[in-house]
Every structure is written in C-alpha cells, then in structure tokens.
Protein chains: 2
Amino acid sequence: MRLNDSDKSSSATRGAIRAVAEEMYAENGIDGVTTRALAERAGVNMAAVNYHYGNKDNLTMAVFRDVAHRTVQRRLKNLARIDATAQAEGREPTLPEIVEAFVDAYVNEDTPRTGVLLAHLVLQHRVRPSAWTRAIVREELDDFAITYMGFMRRAAPHLTEPEIHWRYHLMVGAVMMSLSDQARDGRMANLSKGLVHPEDRREFKDQLVAFLVDSLGHRRAPGGG
Amino acid sequence: MRLNDSDKSSSATRGAIRAVAEEMYAENGIDGVTTRALAERAGVNMAAVNYHYGNKDNLTMAVFRDVAHRTVQRRLKNLARIDATAQAEGREPTLPEIVEAFVDAYVNEDTPRTGVLLAHLVLQHRVRPSAWTRAIVREELDDFAITYMGFMRRAAPHLTEPEIHWRYHLMVGAVMMSLSDQARDGRMANLSKGLVHPEDRREFKDQLVAFLVDSLGHRRAPGGG
DNA sequence: TCGACTTTCAAACATACGTTTCAAACATGC
DNA sequence: GCATGTTTGAAACGTATGTTTGAAAGTCGA
C-alpha cells in the first residue's frame, strides 16, 4: 500500500472517483456527497477513495482546486487578449470587455459545470470556512482578484481605491449567488413565474453583464450625507 | 411531558437556549452549532433543547424565522414611510430611498446580528436547501420580494420586467455575500490590506448603497451583440 | 510458474451527532 | 403535606459518517 498518490494517477478507479465527485458536487453541493454514495455511483468500493486520495478532504480539495485553477486560467487568458487588443488600438480595456472576461468562464458552452462548482466552493467557504477552502481561496483565487482589480482600475478610473475593492467583492457576490440559484432550479425562476430563465446561458450572460457594467460604471459622492 | 410548546414560552431555560442559539448561529454558522455546545454555553442540559423545542430543527427554524420576519417588517415600515413622503410630494420614491430601505435592516445600530444571521439563512438555503429553509424563504421572504420589486419598478421605470427580477436577485446576492464576509473577518479586509473596513457600519452602508443604486440606475441595450 | 507489488473488497471500527429514557428535583393547588 | 403536573439531569441509544483492516484478487516481469 502506498500513501503517496503520485503513481496512482492513471488508475481507472481513481479517474472514475474524480469524475463522479465533480458531477455529484455540482448536483448535491459539498456537504451533500457522502463517500458511500460517491463510491456506489462510481461503481467502486468505498475504500478506494481513501486508497487513491488518502482521505475525503483531499479528494474534495483536488476537485475544487482544479476548478478554481481552470477558471482563473481562462480569465487570465481573456484579460491578456483584451489587453493586447486595447493596447493595439491605443486605449484602455473597456468595462464591458473586462466584465465579460470575468463571467465568460461561467456562461461558456464547453465548461458547463464550472460556474456551479466554483459557486459551491465560494459559498461553502463563507458558510463554513475550513482549512482546505481557505487554502484554495488563498492559493488559487486571491492573486487573480488583485490582478482583476488592476483591470478594474484602468477600465473605471473614476472609482476610488476603496470603491474598487468593495465593488469587486460585491460583484463576485452577486455572480456567485446567481450561479447557485441557477444551479438548483430556483427562486428566481419561481418568483418570476417563468418570466426569466436563469438556465438560459445567453440570457444569463446578458443580464449579468448588464448589471455588472452598470454597477461599476458610475460613482456616487463619497461619504454621502 | 408536553410536546406542545405554547405553554413553555416563559421558561428561563427556554429563553437561554434561544438567546444562545442566536449568538452561536451568528458566530459559527448554522452547521457549526451542535446541541451539546449550545447546551453547555447556555448552562443547560442537552435534553432541554428537545424538551422545549421538540427537536433541533424546530429551534433553528424558530430563530431564523424570527430574524427573517423582523427584517421584513422593518423594511416594509421603511418603504411605507418613503412611499408616504413621496406621495405627499407628488413624486415616486427614488432609487437611493428604496435601496436604503433595503439595507437599513443590516447596518442599523440596534439590530447588530440581523444581517449576519439572515445571510447565514440565505446562504444555507443555497448551499443545502432543506424543508425548513424552504419554508422560511417561502413564508417570510417571498412576498416581500414581490413587494420590493414593485417599488423597484416605480423607482427605475426604465428597467424591463425581466431586468427587475434579475437585478433584484443579483442585488440580494451581492448584499448577502458582503454580509457573510463582514461576519468572519474576511477576505475583503484581507485583500485590501486594511484599506477597507467592512465592519465599519457607516462605510458598509455607503459603499453598499452606492453600488446598488448604480447597478439599478441604468439600462443596457437588451440582447447585446 | 513464481513472487513481489498493487489494487479491490466486505467488513469492522471510531466518532460525532441528535434524540430518547427515566428517575430525580421542582412547583403548585388543595 | 401531599398529589399532580412540569422541568431538569446523567446516561444510554440509534444512526450516519469517514476511516481502517486484512484478506483476496489482480498485474506483471523474470
């Protein structure tokens, strides 16, 4: 028996566990997945999870670290492209451009579960922060946040430095909550009696971008009152 | 032994349980409070929880239903006052007015834990919906949402009907997440290296209102692109 | 075919939690 | 003061979960 998992990467069992974990986390949330249910659905013995991943937290962390990493990479690529275009045209990136670069990872066709999974991670970290959620947020997401705020600064130069921070976090909050509502066919569809369709990627993207661009586009008098 | 709790309302034990539950839910989150820890901190036997409340879910539901109810009542009162003033002046309520009516329940001095608790409820409902979270959301919050959207419609007549729904939910999402960050001395304070102070009620309110008013104040071209 | 290593499996294990039990303490009306 | 109903208390219970165990099965090179 080996505890080091560096050599077990090609096992079919290991892969099945990983794939099913991602599915189930997206469907049931992080606390809603038990080792037993996971093993059964993957057609695998329960002990295999511990054999291949050491323990359940390790598996969970692997899944979500990967999701976070892929999301950030995609966004950084988007931002780099936008930056290049803007520079070539002798201007700064625009707000709609950078907002779209942010939400793209969620509304994109080829990464269907990404948004829901990342929302689960972030909400879990808020509802019940743990060692592994903290680790992922710090190691995979924090740097990107700083980078993104740099772009916000350039695209919305009227915002003060505190406003940049506040609005970045408010923006992330709005997006995460809307993703979690989209996930479990939710409150919004319900209250609107079918008027809005959160599961429609196009509508989702349009409404999200519109809201976010507006929310970043103007400045109030500071200190107000 | 009585299972009906209508007569046990005046017990000191019952009150202690309830008070400590509210404290602990605000501090540790909903899943972070065990019957044992609660009983110990309240200086009460574990069985008292079940004796006075039937079971733990009942207690939790009582706490959060009350928080939700009080929040909604306060907001309705705010909106009624705003409406009266506006009508007297022959105009519609303004966006800053109705946004402030919304966030007031959280930034107010005399209800310090309200915001954090309600955020825990809403996030819990998203992360892990259960019978009792669903019941509270439906019975205490949904009606208010409809009412509030009515005010949004009047204060922001340029928004289409779907936009009203989308932006209400995006707005709620942003607020809930910012409250949960304020709660556990959080990511925002951290990333900004002390530049912003989410625990400062005044700053919190100003930034929140500014963000929300902007996010509701303008309309993008629908369908975009 | 053998032997060493890896992987799978059913079962047992440890633990944390909400809940129940039942007797003791308490309160209250007569 | 006693009988009756209420509240408290320590301990036991049931259950769900992640984890460990030890043997069986599989893999593969010599």
Side-chain angles (χ1 to χ4, degrees), chain A residues 1-22 24-25 27-64 120 124 127-128 130-133, chain B residues 1-22 24-25 27-64 120 124 127-128 130-133:
Chain A
M1 176 198 304
R2 299 213 231 103
L3 285 181
N4 185 337
D5 52 11
S6 55
D7 295 313
K8 292 179 288 195
S9 24
S10 55
S11 160
T13 301
R14 184 185 164 94
I17 291 171
R18 173 65 175 274
V20 169
E22 199 171 303
M24 292 186 74
Y25 281 133
E27 290 169 16
N28 302 35
I30 293 177
D31 284 353
V33 178
T34 68
T35 308
R36 280 174 177 77
L38 171 67
E40 185 175 9
R41 178 148 151 195
V44 146
N45 189 276
M46 235 180 44
V49 172
N50 293 289
Y51 176 73
H52 284 283
Y53 289 91
N55 58 39
K56 199 202 175 193
D57 267 12
N58 264 358
L59 166 62
T60 310
M61 189 158 77
V63 168
F64 283 96
H120 275 304
Q124 177 77 14
V127 165
R128 200 152 226 308
S130 63
W132 69 264
T133 62
Chain B
M1 176 199 305
R2 297 214 232 104
L3 284 183
N4 185 335
D5 51 11
S6 55
D7 295 312
K8 293 178 288 194
S9 23
S10 55
S11 159
T13 301
R14 185 185 163 91
I17 290 171
R18 174 65 176 274
V20 168
E22 200 172 304
M24 291 186 75
Y25 282 133
E27 291 170 12
N28 302 31
I30 293 177
D31 285 354
V33 178
T34 68
T35 308
R36 282 172 176 80
L38 172 66
E40 185 175 8
R41 179 149 151 192
V44 147
N45 189 277
M46 235 179 43
V49 172
N50 293 290
Y51 176 73
H52 284 282
Y53 289 91
N55 58 39
K56 199 204 173 191
D57 268 12
N58 264 358
L59 166 62
T60 311
M61 191 157 76
V63 168
F64 284 97
H120 275 304
Q124 178 77 13
V127 165
R128 205 158 217 316
S130 63
W132 70 264
T133 62

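Not measured: the values here are computed from a predicted model. Within every chain, numbering begins at 1; the chains are lettered A, B, ... in the order of the sequence lines, protein sequences first and strands thereafter. What you see below is based on every heavy atom in this structure, not just the backbone, and it leaves out hydrogens, waters and symmetry mates.
- For Y51(B), the listed nucleotide lying nearest its side chain is dT8(D); candidates were dT19(C), dT19(D), dT8(D).
- Atom OH of Y53(A) and atom P of dT20(D) are 17 Å apart (whole Å).
- Between Q124(B) and D31(B), the closest side-chain pair of non-hydrogen atoms falls below 4.5 Å.
- Distances were taken from every side-chain heavy atom of M46(B) (C-beta onward) to each of dA11(D), dT6(C), dG9(D); the shortest belongs to dA11(D).
- As a whole-Å value, the separation of I17(B) CD1 from dT19(C) P is 13 Å.
- The side chain of H52(A) places an N or O atom within less than 4.0 Å of a non-bridging phosphate oxygen (OP1 or OP2) of dT8(C).
- Within residues 33-44 of chain B, the residues having any heavy atom under 4.0 Å from DNA chain C are, by residue number, V33(B), T34(B), T35(B), R36(B).
- Rounded to an integer number of Å, the gap from N28(A) CG to dT17(D) P is 12 Å.
- Remark: T60(A) engages Y25(A) in a side chain to side chain donor-acceptor pair (under 3.5 Å) (not counting sequence neighbours).
- Not counting sequence neighbours, A19(A) has no partner by the side chain to side chain contact (heavy atoms under 4.5 Å, CB included) test.
- Atom CG of N45(B) is separated from atom P of dA25(C) by 15 Å (rounded to the nearest Å).
- When distances are taken from the side chain of N50(A) to each of dT20(C), dT7(C), dT20(D), the shortest belongs to dT20(D).
- Annotation: side chain to side chain donor-acceptor pair (under 3.5 Å) contacts of R36(A) (sequence neighbours excluded): none.
- Within the 4.0 angstrom heavy-atom criterion, base atoms lie near A47(B).
- A sub-4.0 Å separation between OP1 or OP2 of dT7(C) and a side-chain N or O of S11(A) is absent.
- For the pair L59(B) CG and dT19(C) P, the interatomic distance rounds to 10 Å; values are reported in whole Å.
- Comparing dT8(D), dG18(D), dT20(C) by their closest approach to the side chain of K56(A) singles out dG18(D).
- Rounding to whole angstrom units, CE of residue M24(B) and C1' of dC17(C) are separated by 14 Å.
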Side-chain donor-acceptor distances from residues 40-47 of chain A under 3.5 Å, at least two apart:
from: R41(A); atom 1: NH1; to: E27(A); atom 2: OE1; distance (Å): 3.2
from: R41(A); atom 1: NH2; to: E23(A); atom 2: OE1; distance (Å): 2.7
from: R41(A); atom 1: NH2; to: E27(A); atom 2: OE2; distance (Å): 3.1
from: N45(A); atom 1: OD1; to: A47(A); atom 2: N; distance (Å): 2.9

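- Distance alone, capped at 3.5 Å, is enough to place a donor-acceptor pair between the N58(B) side chain and the Y53(B) backbone.
- Across the protein-nucleic acid pair, N55(A) atom CG and dT20(D) atom P stand 8 Å apart, rounded to whole Å.
- Applying the salt bridge (charged side-chain N to carboxylate O under 4.0 Å, His left out) rule to pairs touching residues 46-63 of chain B yields nothing, sequence neighbours excluded.
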